[in-house]
Amino acid sequence: MEVIASVNKLRLKFPGAESLLFKDFSLSIRKGEKVLIVGSSGSGKSTLLQVLTGLIPSSVEVPMKVENIKIPLSWGFVFQDPESQFCMPYVDEEIAFVLENLQIPHDQMPSYISYYLKQVGLSFDDMHTKTQILSGGMKQRLAIAAVLALESDVLFLDEPTAMLDPEGTEEVWNTIKEVGEDKTLVIVEHKINHVVDFVDRVIILSDNGEIVADGSKQEVFEQYKHVLIDQGIWYPDAWKDYLLANGKPRPQSTGWDSNSAITLTDFTGFRGKNKKIEIKNVDVFPGEWITVLGKNGAGKSTLLHAMMDLIKTKGVYTIFGQDAKKINKLSDYAAFVFQNPEFQFVTNSVYDEVAFTLRLEKWNLDKVSNKVEELLEFYFLKNHEHSHPYQLSMGQKRRLSVAAATVKGQPILLLDEPTFGQDAKNTFAILEQIEYLRSQGTIVIMVTHDLNIVEHFSTRVWVIDQGELTIDCSSSEYTKGMHKVVG
Amino acid sequence: MQLDFSFRETWLHKINPSFKFILIVALFIHILFIHNINIIINYMIGTAILYILFTGHPWKRLLIISIPFILIFLTSSTSMIFFGKGEVTWFKWGLIHITEEGFFRGLHLGFRGLVFATLGIIFALTTRPVYLFYSLMQQLKLKPKYAYSFMAAVRLIPIMFEELQTIRYALKVRGVQSQKGILGFYHLLKSYSIPMLSQSIRRAHRIAVAMEAKRFSDTTKRTYYYLVGFSKLDVYLLIYFVVVIGTSYYFANSYSYFPIQDVRYNN
Amino acid sequence: MGRALKLTDILVTIIIALIFGLVYKLWGPLYGFVSVFGLHAEQLIYGMWFIAATVAYLIIRKPGVALLAEVAAAHGEFIFGGEWGVTTLIFGLGQGLAAELVFAAVRYKKFDMFTVSLAAIASAGASILIDFYYGYIGDLALWNLLLLIGIRCVGAVLIAGIFAYFIVQALEKTKVTNLIRPVSSNDYKDLDK
C-alpha cells in the first residue's frame, strides 16, 4: 500500500529541555490504515502528530530536523480541548471559517455548513447557535465537522475525548467511526476502550520517544499488556485487572460514630437570584464516601460550592452540631479540591504549596516541615518539591491539589471530578489515597461520572437532577439497580 | 457584546460597523473643539434621544447601564470645579477654590464625558463584534490575522469570567486573606493574573495552532461568510448627527442656558 | 529569527490585552469612586491603564506588541461598553504608541524594570498630553496640575513598571512563556549532538 505520511530519522528537542525528545525516529503510515498511538504523557505522541502534519515547525517553532518527511496532501486535525480549537462564537461561523480559508464562494456556504453538520449527526433548528451552550461531546463533533470541511483523506486525532464525560466520549467515537470509514486515521489516545474495535495497527511509544511496539492490535495487546498497565493506559480491562491485582473489598462505612456529622435540611444554594440546588433532608456520617452523580449542569458542582459556603445558601446546614454559617472558618472543617488544580495553586513551589495553609495557621517551623515531608512522601511528590506547581504532570498536579487541600486533616473532603482526565495509574493512586483518608474517618463527597468508582470505592450515592437530590442510597443498592436497568 | 440579552433590532444595528466606528471617532475629535457649554448640553440631548429610542433595548436595562454615567459626570468635573482657574470667586476654603469659570468648565467636562460615554454605549449596544471585524476586513482592509485573533479572543471572554470566579472561590477556600495597602494590592493583582495569564497564553497558543490546522493563512485570498455593505441607513445616521450638531449650534446661540461662549481660561 | 508578529503572537497579545480590558472595565467604577474627592488620589491607580502594553512586551518581546496590546485593550473596553466610550480608544492609541517608542529606542533588546518603567512614564506622558485637550487640565490651578502629573507618573511606574515586571517574572516561573518566546540557536545546535 502507498505510504501516505512518514518521517525518517526525526530529531526533535523542546527549547530548554535537557535531552532530545526524538532521536532518529522513523515511522510510516500507509493509506487507509487506522493507527492508534499510545504512550504515557511526555512520550511525545502529540508532538509526533504535529510533526506528521507539518504544524511543527510551521505553526509551532520547535527545533527539529529530519532526513525525509512526507506530509499528507490533505489532512485534518482534531485537538483535545474543545474550548481551545474554536475561533468563532457560533456553530455556523465556525465551519464557515474553514470554508472561507478554502475560498468557497459566499453563497454556497450555508448548504455546505448544513451538509457537514449532518455528517457528524448534529442538527439545529437554527445553525446560528452559540457553541458555548453545546455539551462537550457536541463541541467535539462540531470540531470534526469543521475538519471534514477540509475534505481531507487523513485525519489526525489528538485525544479528542480526553475532556469529555462517558456519554460524550461514546458519541464522539461513534461519529469518528462513521466519518472515518474510508479515511486514514491516526489516533493518539489514552482511553482506548472505544477505539480498539476499529483500529488495525497499534504503536506504543516509550517515555524516551522510542517505538516499543508496532503491529496488529491482537499482537500488541497480547504481548505488551504490561506496558499498557505501566503507562496507565485505560484499556478495556483496566479496572478488572486492577481489582484482581489488589483484591480490593468494597469499603464499609461502619464502625464510626453513629451521630451524624453533617445535616442538611431544606438546604438551598443560589447563583445570583436563581435557586440552583435544593436538598430536602440528609445526614452524613463519618467514614462515608458519597459519589455525586448527575448530568452536566444538573447542579453537582453547585452543591459542593454551597457546602463550602462559596455561594449564597438558605436552610439548615450543621457540621458536628454547629450551624455552618456561624463557623468562622469553614475551611477548618472542610477541604475542597477543584476540578482544575491549577486554579487553586497560590505559591511557586510544590513544597510551599503544601506548607501554605500551615504557615497561615502559624505552625512552628519543625512541625510544618515534618507534616509537609510526610504528605509529599504519601502523595509521591518528594522528588518534585522544588518544582513550580504548573510544571507538574496532570497526575502530579492532582495529587498536589489534594495534599495541599487536606493538609489540616479536615474531617470533610469535597472533590469536584478529581479523576477527570487522569490516566489509569494516577486514577487508582488518587483513589487509594482518598480511600486511606476515608478509612481514617474522613467524610468524602465526590462529584464524578465514573460508575466504577461508585461500584468499587464509594459507600453511598447521591443523584442530582435539575438541581434536586433525587436518589440517595447506598452504593451497593445503586449498582444493583444499575445492572437491572442495563439488563 | 450584549447579544446574550434579548433586544429589538433597530436601524442602528444595520448601520455599516466600520462607518459607525469612523463616524463616532470623527464626532469625538470634533467635540474636542466645542468649548461652548450650551452646545454640549444640546448635543448631549441629541445623543440621549438616540440612546433611549433607537438602541432597541428595554428601558429598564438602559436605565441600569446609565447608572455609572453619574460617576462619569462627577469624575470628569470635580477636580475642575474645585481647583480650576478663574477670576470670579464663589467659594474659598483651604485648597478648594471654586470660581465661576472653573465651575462651568467643570460642568462642560462632565457633559462632554456624558456625550462620549453615550456614543460609546450606543456603539456597543448596537454592534456585534463579529460584524465589526468582518466589516473592518472588507471596508478598511484590516489584515485577517488581526481580525480573527480578535474574534477568537472575544469568544473566550465568558470563559475568562468563569475562571475569574473560580480563582475567587479558590483563594477563599485556600484561606488567602487580602492585605491592605500597596503590597496587598500587588498580591491581589498577582494571585489573579498569574493563573489567568498562564491559562490564557496556553489557550491562545492552542487556538492559533488549531486555526492554522484549518488552513488559516494571512497570505492567500479568502471569501467571507458575512458580506457587510453600505445602505441608505448609513446616510440617515450621518444626517441625524448633522442635524443634531446644526441645531445644537443654532439653539446655543438663540436660546442659551448660560451666558458663556467658551469655558477655557484666557479666552 | 523572525521578528514579524505571527498569528500566535497576535492572538496571545490580544488575549492578554482583553484580560486587562476586563480589568479596566471593572476598574472604571472603582476609579470613579476614588476620584470624586478631586485631589487626584485616583491618579495613583491610573497606571493600571498602561499595564497591558508593558506586560505584553515583557512576555512576547517583539516589536509592535505594546501598541497592539494597548489598542486591543482599549478596543476591548470599548466594545464591552466601557464607561469612557470613545475616549478610551484615543487614549489607548496614544499610550500604546508612547510605550512602543520607548521599546523601539532600546531596540527591543532590554526587558528590565527600568525600561518598562520608562515606557510607563511615556504612556503617562501621552495620556497627560491628550488630557490637555480633552480635560482642559491646563486650566487647573498649577499646584493641582503638578499634583496630578506627579501622582499619575508615580502610579504608572508602580503599576505598569514595577508590578508588571514582577508579574511577568512570576509568570516565567510557570514556564508558560516558553511557548511563545523565540527559540535560541543553541537548541538547534543540540540536534546534531
Side-chain angles (χ1 to χ4, degrees), chain A residues 50 53 55 58-60 75-77 79-81 83-90 92-93 96-106 109-110 113 131-132 143 146-147 149-150 156 305 308-311 329-331 334-336 338-340 342-346 356-357 360-361 390 404-405, chain B residues 3-4 128-130 133-134 137 144 148-159 162-177 187 190-191 194-196 198-200 202-217 220-227:
Chain A
Q50 297 193 358
T53 50
L55 282 172
S58 78
S59 297
V60 187
W75 49 268
F77 205 120
F79 296 84
Q80 195 180 91
D81 179 5
E83 290 309 338
S84 54
Q85 58 182 310
F86 295 141
C87 156
M88 303 295 289
Y90 285 85
D92 56 337
E93 291 169 355
F97 172 70
V98 180
L99 301 174
E100 289 175 350
N101 294 340
L102 302 175
Q103 298 166 56
I104 304 287
H106 162 81
M109 286 187 190
I113 294 171
T131 49
Q132 214 185 318
V147 162
L150 291 166
F156 292 88
H305 290 164
M308 208 61 213
D309 199 30
L310 293 173
I311 57 175
K329 267 176 79 185
L330 200 59
S331 53
F336 190 98
F338 287 85
Q339 190 177 34
N340 182 346
E342 283 194 4
F343 288 125
Q344 75 186 82
F345 296 148
V346 289
F356 179 78
T357 314
L360 271 187
E361 307 265 296
Y390 282 59
Chain B
L3 285 201
D4 295 10
R128 217 194 124 201
V130 168
F133 289 106
Y134 269 86
M137 281 190 286
Y148 285 91
S149 294
F150 228 110
M151 288 190 274
V154 169
R155 196 186 73 81
L156 294 177
I157 287 168
I159 302 173
E162 263 170 50
E163 287 181 353
L164 211 61
Q165 178 83 305
T166 311
I167 296 169
R168 209 164 58 87
Y169 288 163
L171 292 179
K172 193 173 164 195
V173 168
R174 295 297 308 275
V176 178
Q177 268 130 11
H187 281 294
K190 197 178 122 185
S191 50
I194 299 300
M196 289 286 282
S198 67
Q199 294 285 341
S200 302
R202 249 181 284 167
R203 199 172 282 135
H205 179 73
R206 285 196 213 121
I207 292 178
V209 175
M211 282 166 72
E212 287 182 344
K214 289 174 188 161
R215 310 298 188 276
F216 176 78
S217 156
T220 52
K221 272 182 67 183
R222 58 188 301 117
T223 51
Y224 293 108
Y225 183 49
Y226 296 121
L227 293 177

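As the structure is a prediction and not an experimental result, all values here were calculated from the model. Letters A, B, ... mirror the listed sequences (proteins, then strands); counts begin at 1.
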Q) Counting distance only, does the side-chain N/O of B/Thr223 pair as donor-acceptor with the main-chain N or O of A/His106 below 3.5 Å? A) no
Q: For the pair B/Tyr224 and B/Tyr134, name the ring-plane relationship: parallel under 30°, tilted 30 to 60°, perpendicular over 60°.
A: perpendicular
Q. Pick from A/Phe345, A/Trp75, A/Phe336: which one has the most heavy-atom pairs with chain B under 4.5 Å?
A. A/Trp75
Q: Heavy-atom distances under 4.5 Å only: say whether A/Ile113 touches chain B with side chain, backbone, both or neither.
A: side chain
Q: For B/Ser217 and B/Arg222, work out which heavy atoms get closest and say how close.
A: O-NH1, 4.4 Å
Q.
Quick one: does any side-chain atom of B/Glu163 pair with a main-chain N or O of B/Met196 as donor and acceptor, under 3.5 Å?
A. no
Q. Of the backbone (N, CA, C, O) and the side chain (C-beta and beyond), which part of A/Gln80 lies under 4.5 Å from a heavy atom of chain B, both, or neither?
A. neither
Q.
Would you compute the distance between atom CD of A/Glu93 and atom CE of B/Met151 and round it to the nearest 0.5 angstrom?
A. 8.0 Å
Q | Heavy-atom pair count under 4.5 Å with chain A, highest-scoring of B/Ile194, B/Val130, B/Leu171 | A | B/Val130
(Q) Once salt bridge (charged side-chain N to carboxylate O under 4.0 Å, His left out) is applied, do any residues pair with A/Asp309, and if so which ones, sequence neighbours excluded? (A) none
Q. Picking from A/Leu310, A/Ile104, A/Leu99, which has the most non-hydrogen pairs under 4.5 angstrom with chain B?
A. A/Leu310
Q: Only counting residues at least two apart or in another chain, list the ones meeting salt bridge (charged side-chain N to carboxylate O under 4.0 Å, His left out) with A/Lys329.
A: A/Glu361
Q | Which atoms of B/Ser191 approach chain A - backbone, side chain, both or neither, heavy atom under 4.5 Å | A | neither
**Q.** Donor-acceptor contact present, side-chain B/Arg215 to main-chain B/Ala213, <3.5 Å
**A.** yes
(Q) Let's test your reading of the structure: which of B/Lys172, B/His205, B/Gln199, B/Lys190 forms the most heavy-atom pairs below 4.5 Å with chain A? (A) B/Gln199
Q. When you measure from the side chain of A/Glu100 to the backbone N and O of B/Tyr225, does any donor-acceptor pair fall under 3.5 Å?
A. yes
Q.
Is B/Arg168 close to chain A through its backbone or its side chain, or both, or neither, when contacts mean heavy atoms under 4.5 Å?
A. neither
Q. For B/Ser198, is it the side chain, the backbone, both, or neither that has a heavy atom closer than 4.5 Å to a heavy atom of chain A?
A. side chain
Q: Measure distances from A/Phe79 to the heavy atoms of chain B and classify the residue's part below 4.5 Å as side chain, backbone, both or neither.
A: side chain
**Q.** Per-residue contact mode, A/Met308 against chain B (heavy atom under 4.5 angstrom)
**A.** side chain
Q) What part of A/Phe77 is in contact with chain B, defined as an atom under 4.5 angstrom from a non-hydrogen atom: side chain, backbone, both or neither? A) side chain
Q: With a 4.5 angstrom heavy-atom cut-off, could you sort out which part of A/Pro89 is near chain B: side chain, backbone, both or neither?
A: both
Q: Using non-hydrogen atoms and a 4.5 Å limit, figure out which bit of A/Leu360 sits close to chain B: side chain, backbone, both or neither.
A: side chain
Q: Let me know if A/Phe156 has heavy atoms under 4.5 Å from chain B in its side chain, its backbone, both or neither.
A: neither
(Q) For B/Arg155 versus A/Met88, what's the shortest heavy-atom pair and its separation? (A) CD-O, 2.9 Å
(Q) Between B/Leu227 and chain A, with a heavy-atom cut-off of 4.5 Å, which part of the residue counts as in contact: side chain, backbone, both or neither? (A) both
